[in-house]
Structures are given as structure tokens and as C-alpha cells.
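Report on one structure; see the data block that follows.
Because the structure is a prediction, the values reported are computed rather than measured.
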Amino acid sequence: MTENDIIQCRAPLRIGLAGGGTDIPPYVDIHGSEVLNCTINLYVHGQIATGGNELLIRCRDSEVQFNAKKLSQLTLQGELAIQQAVYLYFVENHHQGKFFPCSIETWSEVGFGSGLGASSALTVALIKGFCELLNVSNSPQMLARTAYEIERTKLRLKGGLQDQFAAAFGGINHFSFLSQYDNKVTPLELGQATRHALESQIVLIDSQVLRSPGAAIEAQSLQIKQCNTQRLNYLHRIRTSVIPMAQALIEGNTIHFWSLFNITSELKHQLGEAVLPPNIGPLFDFVMQQGALAGKICGAGGGGFMLFALPKGGVNQLKEKIRLAFHTDIIQVKIVEHGAQAVTVKRNTKRKTQEPSIWM
């Protein structure tokens with residue numbers, strides 16, 4: 001690390017395809033988890049710049065800012081808690097516990113609370129950025145594990161495992177979690193035709209309801225602790241559907257995949273009102289009634305984006321109907337193969353400018 005270094009970093013968001021909810025404790029520790037997801041061409045970004053005489057953290061999306069001149073001023077609370085916690089992790093583990101001044105700026109291409117794993121993508125992106133800054137060797141496994149430790153242990157944020165692993169590894173993956181601390185990652189090798197079919201069918205639709213996943217996660221955890229037999233059965237069926245769904249994609253059978261997707265989506269919605277609340281139910285029902293092949297609420301539920309698979313014929317007409325009826329955003333996505341990235345950007349100190357980074 002030298003003065004006036006600039007590191008740019010980013011991590012992709014993800015869409016859950018199968019198994020979501022089974023990766024949340026205590027279920028994962030008792031029964032294990034199977035998850036299928038893929039990363040998409042939407043990102044959370046970060047920029048770390050050394051120099052100055054203080055720690056300055058700024059979220060470009062909300063314009064919230066935090067300043068500190070010594071470690072004791074870190075609160076690890078509020079909107080910028082993740083940024084503070086990642087900085088503190090690297091100070092304690094890779095900088096002899098010594099405060100160093102820098103600025104951290106972050107922003108997301110899609111707002112936080114989207115159901116696309118943005119919070120964990122932020123954590124993973126910043127970890128990747130600080131590894132670049134401090135020359136810390138890293139791997140996708142290290143990035144995911146460190147992010148999980150920071151979020152769940154240091155900050156006590158509720159949630160599962162798949163978001164950190166998706167952001168770190170990238171691509172289409174089948175994750176098997178034997179517990180919170182034991183995992184296997186299996187990349188799916190899909191034919192070009194299958195990949196193209198998925199990309200042409202999948203759309204994300206904004207529910208226009210601010211998502212607060214805590215309620216859905218807390219309700220699910222409580223049901224497991226109370227041994228709610230019906231809810232446990234839903235999660236068991238969601239977990240056991242993952243391998244057949246992965247196999248359907250590998251074989252290029254997207255029709256069978258979306259059929260299984262709908263079954264597991266209905267099971268997920270049965271986990272409680274916090275997953276698919278009444279205020280977004282009409283939008284979901286409308287899209288399905290207009291001929292969508294499949295659909296589900298993204299993430300833990302409660303708001304944010306919904307994922308739908310639209311039929312090849314009449315896609316544009318269906319999109320227009322949705323826009324006219326609900327005045328909401330519809331996003332077509334591409335699958336990306338890479339996980340978190342970081343690059344050192346040279347800064348011209350005389351002109352106070354920087355060269356643009358090129359993501360490969």
C-alpha cells in the first residue's frame with residue numbers, strides 16, 4: 001500500500017434459482033442445504049483511495065457519510081456498518097491493528113433491499129478491494145467465508161450463505177452446504193442454447209415495495225426452532241428439488257426446469273405472509289395470468305424484485321402490459337461467469353484525476 005493508491009472493486013448480484021431459504025440457520029446446520037443460483041450483469045461497486053488524515057466512508061446511493069480519525073470512533077452500526085466492519089477486519093488482521101486513513105465510496109446499480117444479494121455483494125467487493133490494496137492473497141472461498149463471518153458474527157446480520165458465495169465465485173453454481181462452515185461448490189456446465197434460453201426468458205420486475213428481509217428470515221428461523229412440521233416439510237421439498245432442477249438445466253430441458261421452479265416457488269410462498277405480502281401479490285398474480293412460464297419473489301421475500309420467465313412469443317407485448325398496469329421497471333439480465341473483481345487504478349496526482357478501470 002502506498003499513499004494515493006486507488007482501488008476499484010465490484011461484485012455481481014445474483015438471482016436464486018432453487019433452494020433459497022434452506023441456507024439459513026438453524027435449518028442448514030440441522031438438515032444441510034442445496035442451492036442453485038447464478039450471477040448477473042448488475043453490480044455493487046466500491047472505490048478505496050488511500051491518503052488524507054481520516055477514514056471517510058460515503059454511500060453514493062443515499063449520500064450518507066461517516067468520518068473517523070481513530071478506531072475507537074467506529075460504531076459498526078447504521079447504513080455504513082458493512083463498510084466500517086470490512087475496514088476494521090483488515091486493520092485487525094492485515095495491518096497490525098493500526099488505523100490508516102483512506103476513503104471508501106460505494107454504490108449499487110440496483111438499490112439495496114432488491115432481493116438480489118446486494119448487501120453481501122457489497123461485503124465481498126470491499127474484501128476483494130482491500131485484498132488488492134494490502135496485497136492479501138485470496139480465493140473465492142476466502143472471500144465468501146470472510147464476508148459471512150463479518151456479516152453474521154461481527155455485525156449479527158440475519159441471513160443465509162448463498163449471497164456471499166455467489167458474489168465470490170460467480171457463474172451458475174450448485175452450492176451444497178453441510179452446515180454453516182462446510183460447503184461444496186459445483187459449477188454447472190450449460191450448453192450455449194440453454195444459456196441463451198434462460199437469458200431470453202428471465203426478467204426482473206420491481207415490486208416497488210421496499211424490502212425488509214429480516215421479518216421473513218426471523219419468522220422462518222422461529223418456525224424451525226419450534227419444529228413447525230408443515231414449514232419444515234416445505235423446506236425439505238425445496239432442498240430436494242435442487243438436484244433435479246440442476247440436472248434439467250444440464251440436459252437443456254428448460255421446460256422441465258421451469259415446471260419444477262413453479263412448484264418450489266409456491267412452496268416458498270407458503271412459508272408465510274412475510275415472503276409474499278398482500279401489497280405485492282396483485283403484481284405477481286397479474287404477470288402469471290398474462291402467460292409467464294414461472295415466477296417467484298427474489299431473496300428472502302417481503303419486497304424488492306420478482307423474477308419471471310416469459311414465453312418467447314409476445315415478450316414485448318407482455319412487458320408493455322405490465323408497464324401500463326403497474327408503472328414499474330422491467331430488467332432483462334445476462335448471466336456473468338466472474339465473481340468479485342478488484343483493480344489498482346493509477347492516479348495523476350498533479351491533475352487530481354484517475355485513469356478509468358477496465359473490467360475484463
Side-chain angles (χ1 to χ4, degrees), residues 11-23 27-28 31-42 115-117 121 139-141 144 160-179 182-204 234-268 292-299 305-313 315 332-340:
L13 304 184
R14 63 100 186 101
I15 51 177
L17 298 174
T22 67
D23 60 318
Y27 184 90
V28 62
H31 305 285
S33 168
E34 305 288 342
V35 173
L36 182 65
N37 63 35
C38 68
T39 46
I40 57 177
N41 60 334
L42 294 170
L116 304 176
S139 66
Q141 187 75 220
L161 290 137
Q162 70 159 311
D163 294 356
Q164 296 87 353
F165 278 81
F169 279 86
I172 307 176
N173 292 294
H174 171 202
F175 296 105
S176 296
F177 300 106
L178 300 181
S179 71
D182 189 0
N183 68 275
K184 178 182 177 182
V185 184
T186 306
L188 262 63
E189 300 292 337
L190 302 188
Q192 195 60 37
T194 303
R195 180 184 295 270
H196 177 73
L198 291 176
E199 292 179 337
S200 64
Q201 292 171 334
I202 293 175
V203 297
L204 298 174
Y234 290 153
L235 287 170
H236 293 336
R237 291 173 63 187
I238 289 171
R239 173 172 53 82
T240 57
S241 72
V242 173
I243 293 177
M245 291 177 72
Q247 191 60 39
L249 285 181
I250 292 170
E251 295 172 355
N253 191 344
T254 56
I255 294 175
H256 185 48
F257 171 80
W258 290 124
S259 175
L260 294 173
F261 185 99
N262 272 333
I263 294 172
T264 58
S265 174
E266 179 60 30
L267 290 170
K268 179 180 178 179
L293 301 173
K296 73 158 196 166
I297 188 83
C298 292
F305 279 89
M306 291 182 278
L307 181 156
F308 293 96
L310 303 184
K312 292 181 180 179
V315 170
Q332 198 103 30
V333 298
K334 295 289 186 182
I335 298 168
V336 298
E337 290 298 329
H338 58 81

Are [X] and [Y] close enough that some pair of their side-chain heavy atoms sits under 4.5 Å apart?
{"X": "Asn253", "Y": "Gln247", "value": "no"}
{"X": "Phe165", "Y": "Asn173", "value": "no"}
{"X": "Asn183", "Y": "Phe175", "value": "no"}
{"X": "Leu42", "Y": "Phe305", "value": "no"}
{"X": "Leu198", "Y": "Leu17", "value": "no"}
{"X": "Thr254", "Y": "Leu293", "value": "no"}
{"X": "Pro244", "Y": "Leu260", "value": "yes"}
{"X": "Ile15", "Y": "Cys38", "value": "yes"}

For the student: nearest non-hydrogen atoms of [X] and [Y], plus distance:
{"X": "Pro140", "Y": "Ala168", "result": "O-CB, 3.3 Å"}
{"X": "Arg14", "Y": "Gly115", "result": "NH1-O, 3.1 Å"}
{"X": "Thr39", "Y": "Ala166", "result": "CG2-O, 3.3 Å"}
{"X": "Asp163", "Y": "Gly117", "result": "OD2-CA, 3.5 Å"}
{"X": "Val35", "Y": "Gly19", "result": "CG2-O, 3.7 Å"}
{"X": "Leu249", "Y": "Leu190", "result": "O-CD2, 3.5 Å"}

Nearest 0.5 Å, please: how far is [atom2] in [Y] from [atom1] in [X]?
{"X": "Asn37", "Y": "Leu116", "atom1": "CG", "atom2": "CG", "value": "11.5 Å"}
{"X": "Glu266", "Y": "Ile238", "atom1": "CD", "atom2": "CD1", "value": "10.5 Å"}
{"X": "Asn262", "Y": "Leu267", "atom1": "CG", "atom2": "CG", "value": "11.0 Å"}
{"X": "Leu310", "Y": "Gln332", "atom1": "CG", "atom2": "CD", "value": "7.5 Å"}
{"X": "Leu235", "Y": "Thr240", "atom1": "CG", "atom2": "OG1", "value": "10.5 Å"}
{"X": "Ser241", "Y": "Phe257", "atom1": "OG", "atom2": "CZ", "value": "9.5 Å"}

* Structure fact -> For Phe308, the ring pair (Phe, Tyr, Trp, His ring centres under 6.0 Å) test, sequence neighbours excluded, returns Phe284

* **Listed partners of His236 passing ring pair (Phe, Tyr, Trp, His ring centres under 6.0 Å), at least two apart** => Tyr27, His31

Please check this pair: side chain of [X] against backbone of [Y], looking for a donor-acceptor N/O pair closer than 3.5 Å.
{"X": "Lys296", "Y": "Gly16", "answer": "yes"}
{"X": "Lys268", "Y": "Ile297", "answer": "yes"}
{"X": "Ser176", "Y": "Glu34", "answer": "no"}
{"X": "Glu337", "Y": "Gly170", "answer": "no"}
{"X": "Ser265", "Y": "Phe261", "answer": "no"}

* To do: Under the side-chain contact (heavy atoms from CB on, under 4.5 Å) rule, what do His174 and Ile243 come out as? Steps first, then yes or no, please.
  => CA-CA 8 Å; His174 171 202; Ile243 293 177; 3.9 Å; yes

* Contacts of Ser33 that satisfy side chain to side chain donor-acceptor pair (under 3.5 Å) - sequence neighbours left out -> Thr22

* Got a sec, which residues hit side chain to side chain donor-acceptor pair (under 3.5 Å) with Gln201, two or more places apart in sequence or on another chain? -> Trp258

* Could you give me the CA-CA distance, side-chain angles and deciding distance for Leu204 and Ile40, then say whether side-chain contact (heavy atoms from CB on, under 4.5 Å) is met? => CA-CA 11 Å; Leu204 298 174; Ile40 57 177; 4.0 Å; yes

* **Test side chain to side chain contact (heavy atoms under 4.5 Å, CB included) applied to Ala340 - qualifying residues, sequence neighbours left out** => Ala11, Val124, Lys128, Leu143

* Sequence neighbours excluded, which residues qualify as side chain to side chain contact (heavy atoms under 4.5 Å, CB included) partners of Glu199? -> Arg195, Lys334, Ile335

